[in-house]
Amino acid sequence: QVQLVESGGGLVQAGGSLRLSCAASGRTFSSYPMGWLRQAPGKEREFVAALSGSGDSTYYTTSVKGRFTISRDNAKNTVYLQMNSLKPEDTAVYYCAADRSFRALTDYSRGSYLNYWGQGTQVTVSS
């Protein structure tokens, strides 16, 4: 049974911070690029951040650059998303995902296929 489980979401005021965690189980994901995607109310799911299997390469969507940091601890089979300076427009359900292709994550769009998904965790940023 392969599973990705997100945690750490919640309600935070604008300017605040949250750290999301994605705990993987059922297999080791150290060789998989992993990332975070989000879906805001009334909008399509969009790419947020991704990193390589080793964690030494990262990529972010423009709107979160300088505010969000993706990292991973392969010993714990866990990926993180540190979110600082949160804005109301960051409000969304955040999903953890993994795929053998880094580009599949960074180029995600409607209709794309990714190998693994978590169930999502809600992040709400109040103004």
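Applying the disulfide (SG to SG under 2.5 Å) test to pairs two or more places apart or on separate chains, none has a residue in residues 59-88. Each side-chain hydrogen bond (donor to acceptor under 3.5 Å, both in side chains) pair with one or both residues in residues 18-30, not counting sequence neighbours, appears once here: Arg27-Tyr32. Residue pairs meeting the disulfide (SG to SG under 2.5 Å) criterion with at least one member in residues 19-86, sequence neighbours excluded, are Cys22-Cys96. For residues 71-84, no pair satisfies salt bridge (Lys or Arg N to Asp or Glu O under 4.0 Å), with sequence neighbours left out. The list of salt bridge (Lys or Arg N to Asp or Glu O under 4.0 Å) pairs with a residue in residues 35-45, not counting sequence neighbours, reads Arg38-Glu46, Arg38-Asp90, Glu44-Arg110.
Taking Ile, Leu, Val, Met, Phe, Trp and Tyr as members and joining any whose side-chain heavy atoms lie under 4.5 Å apart, directly or through other members, the hydrophobic cluster of Trp117 also contains Leu37, Phe47, Tyr59, Val93, Tyr95, Phe102, Leu105, Tyr108, Leu114.
Remark: the backbone N or O of Gly26 is not paired with any side-chain donor or acceptor of Gln3 at under 3.5 angstrom. A donor-acceptor contact shorter than 3.5 Å links the side chain of Ser52 to the backbone of Ser57.
For Arg103, the side-chain contact (heavy atoms from CB on, under 4.5 Å) partners at least two apart in sequence or on another chain are Ser101, Thr106, Asp107. Residues that satisfy the side-chain contact (heavy atoms from CB on, under 4.5 Å) test with Lys65, not counting sequence neighbours, are Tyr60, Thr62. Under the side chain to side chain donor-acceptor pair (under 3.5 Å) criterion, Thr124 pairs with Gln122, sequence neighbours left out. Listed by chain and residue number, nothing satisfies the salt bridge (charged side-chain N to carboxylate O under 4.0 Å, His left out) test with Asp99 (two or more places apart in sequence, or in another chain). Looking at residues two or more places apart in sequence or on another chain, you find a side-chain contact (heavy atoms from CB on, under 4.5 Å) between Glu89 and Lys87. Contacts of Val12 classified as side-chain contact (heavy atoms from CB on, under 4.5 Å), with partners at least two apart in sequence or in another chain: Leu18, Leu86, Val125.
If you chain together hydrophobic residues whose side chains sit under 4.5 Å apart, Leu11 and Phe68 never meet in one group. Hydrophobic clustering, with ILVMFWY side chains joined whenever heavy atoms are under 4.5 angstrom apart, keeps Met34 apart from Tyr80.
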